[in-house]
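Below: one structure, written as structure tokens.
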There are 2 protein chains.
Amino acid sequence: MRRSERLVDLTHYLLENPYQLINLKFFVARYESSKSTISEDLEIVRAIFERQNIGSLATFPGASGGLKFTPAISNTQALVLAKDILRLMAEEDRILPGGYLYLSDILGTPEHLKKIGQILAHEFADSRVDAVMTIATKGIPIAQMVAEILNVPFAVVRRDPKVTEGAMINVNYMSGSSSKVENMTVSKRAFSIGQRVLIVDDFMKGGGTLNGMKALVEELDCRVAGVGVFVEGPFHGSRPLTDYRSILRVDKIDLANHTIDAEFGNIFEEKLF
Amino acid sequence: MRRSERLVDLTHYLLENPYQLINLKFFVARYESSKSTISEDLEIVRAIFERQNIGSLATFPGASGGLKFTPAISNTQALVLAKDILRLMAEEDRILPGGYLYLSDILGTPEHLKKIGQILAHEFADSRVDAVMTIATKGIPIAQMVAEILNVPFAVVRRDPKVTEGAMINVNYMSGSSSKVENMTVSKRAFSIGQRVLIVDDFMKGGGTLNGMKALVEELDCRVAGVGVFVEGPFHGSRPLTDYRSILRVDKIDLANHTIDAEFGNIFEEKLF
């Protein structure tokens, strides 16, 4: 293979295998080229990946070393993605009877979902996430996309146990908005002791459900690596949890005029843009 | 940018924007290079994409033309992916009390999920799919991954209506395994009239649920583009539908010996390998 051809294949290979330590010998065999030739190729890839904010290419020395591609976006890119989603939120017909928001179009479109996933993965990139947890059903697409980008497994919490989940861990929790005691359960074998679990959901009202998942993580002998939500809704009073990160915040849903007051969530509060 | 740098960026750009018609002018501006230079770059990318089974790069002539990247795998690659998944199915501890199969580990691991999605997307690549439909909750990860690869939206059918889904279309259907009349419902606005809908699910027993979704597609004034399942389970008698495509088939679940008889599904029956 010529260099130009190797670069195309190398770029594809790295993008398809993020977060994996790849020994240089693998590419030496794949391209039947010398170590120094491959190293030069990788330098070109690394420079473009960094310049275009595709991600970083780290090198680990030694016999068991190699290289690892970590996808990454910049704070500025995260904000650009969030602006796209904010624009979608302002669309008409999003307000449903009772003041509920229709989000299924956003959560069912891979292009939009990818933006949500990239922002959350960027936010928790340094949180050493081992697994992602969410609650059925609307959190699933977000959990899956974040898990895909971080290349970790994800598990779905349910309101009721299911025969296809094996032994389950169950907790009761207080719903923040209705003050009722509710139930949630997750497959025990979906997590290993000591794992760092990122909790995600599509919408946070009172925060009771997210708090329930935090309790569930503790019952699994795991640790909460972070809590991330797509949309933080309007809520009066104090929430049972404060350490969440949100992409968007909806302050007011005006049923009469069919308008929504949506803004960037707290992910973008502390960042300098 | 030098050619080597352009090739890295071009490869990344195409992989991130599949199924989209991109005008050559876009790359002329992006790289500040001539049309002929870009065309030469694209020839190199096209050759490697084809040789490595990454996908095809089609060119459309004219002012409104451009190029379009379509990800694709070969029949042989699909079989290699299916072999990996078949190996996972043979793992111990997969059989649950009552003869149910634990699949949540496979459906919660992006790496495995991607293989399932690639096989189904490959199978229905020529079916002109406009949207993907599945039923909550375990079909969601599969629907999302297929939708992501085909770059189309997906929607989730539920057993009960939800306040966050807006107006819904509802059908009753006969469960194939228990012969009970059941209910399923989906958001009306998730589909447009005349769309070609691919129905997917994780597990098929009698096929009643899939048949219900077919009825739902018709009530939405859409057309069924295909029916794809991850695992086809053991079933005695005749199924209400025959035109499904399966990745794996489980013929027997031996509770006493904790073994599963799993084979390739009918996707691989007619293909020459």
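Side chains are part of it too, since the values below use all heavy atoms of this structure and drop only hydrogens, waters and symmetry mates. Keep in mind that what you see is a predicted model, and the values were worked out from it rather than measured.
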For the interface with chain B, which of [options] has the highest count of heavy-atom pairs at distances below 4.5 Å?
| options | value |
| --- | --- |
| A:Gly166, A:Ala143, A:Ala167 | A:Gly166 |
| A:Val163, A:Asp105, A:Leu7, A:Val45 | A:Val163 |
| A:Thr109, A:Leu14, A:Leu15, A:Ile48 | A:Ile48 |

**OP:** Check whether any side-chain heavy atom of B:Ile116 lies under 4.5 Å from a side-chain heavy atom of B:Ile106, and answer yes or no.
**Re:**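 They are in side-chain contact.
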Original post:
Less than 4.5 Å apart, any side-chain heavy atom of A:Tyr19 and any of A:Leu150?
Top reply: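 Yes, close enough: below the 4.5 Å cut-off.
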**OP:** For each of B:Lys138, B:Glu111, B:His112, tally heavy-atom pairs with chain A at distances under 4.5 Å, and name the one with the top tally.
**Re:**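 Answer, by heavy-atom pair count under 4.5 Å with chain A: B:Lys138.
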Structural part of [X] lying under 4.5 Å from a heavy atom of chain B:
| X | value |
| --- | --- |
| A:Phe49 | side chain |
| A:Met145 | both |
| A:Asp93 | both |
| A:Thr164 | both |
| A:Leu113 | side chain |
| A:Ala155 | neither |
| A:Val132 | neither |
| A:Val156 | neither |
| A:Leu101 | backbone |
| A:Asp9 | both |
| A:Arg158 | side chain |

Original post:
Contact part of B:Gln52 toward chain A, heavy-atom cut-off under 4.5 Å: side chain, backbone, both or neither?
Top reply: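 Interface part for B:Gln52: side chain.
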**OP:** Heavy-atom distances under 4.5 Å only: say whether B:Thr137 touches chain A with side chain, backbone, both or neither.
**Re:**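 For B:Thr137, backbone and side chain are both near chain A.
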Original post:
Is there a donor in the side chain of B:Thr37 and an acceptor in the side chain of B:Tyr31, or the other way round, less than 3.5 Å apart?
Top reply: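 B:Tyr31 and B:Thr37 do not have a side-chain donor-acceptor pair below 3.5 Å.
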Subject >> Positive for salt bridge (Lys or Arg N to Asp or Glu O under 4.0 Å) with A:Asp41, one of A:Arg2, A:Arg3, A:Arg30 >> reply: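 That would be A:Arg3; it is the only one of A:Arg2, A:Arg3, A:Arg30 passing the salt bridge (Lys or Arg N to Asp or Glu O under 4.0 Å) with A:Asp41.
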Original post:
In Å and rounded to the nearest 0.5 Å, what is the CD1 to CG distance from A:Ile73 to A:Asn53?
Top reply: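 Separation between the atoms: 8.5 Å.
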Original post:
Which distance, rounded to the nearest 0.5 Å, do you find between the CD of A:Glu40 and the OG of A:Ser33?
Top reply: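 With rounding to 0.5 Å, CD (A:Glu40) is 10.5 Å from OG (A:Ser33).
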Original post:
If you measure from the Lys or Arg side-chain nitrogens to the Asp or Glu carboxylate oxygens, is any gap between A:Lys114 and B:Glu16 under 4.0 Å?
Top reply: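 Salt bridge present between A:Lys114 and B:Glu16.
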Subject >> Lys/Arg N to Asp/Glu carboxylate O, B:Lys162 vs B:Glu165, below 4.0 Å >> reply: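 Salt bridge: no.
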**OP:** Please report the shortest heavy-atom distance between A:Gly233 and A:Phe203, naming the atom on each side.
**Re:**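 Of all heavy-atom pairs spanning A:Gly233 and A:Phe203, the closest is CA-CZ, 3.7 Å.
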Original post:
In terms of heavy-atom contacts, does OH of B:Tyr13 have more than 12 from other residues, nucleotides or ligands at under 6.0 Å?
Top reply: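 Atom OH in B:Tyr13 is packed in, count exceeds 12.
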Subject >> B:Phe124 and B:Val146: CA distance, side-chain angles, deciding distance, side-chain contact (heavy atoms from CB on, under 4.5 Å) verdict >> reply: CA-CA 10 Å; B:Phe124 297 103; B:Val146 173; over 6 Å; no
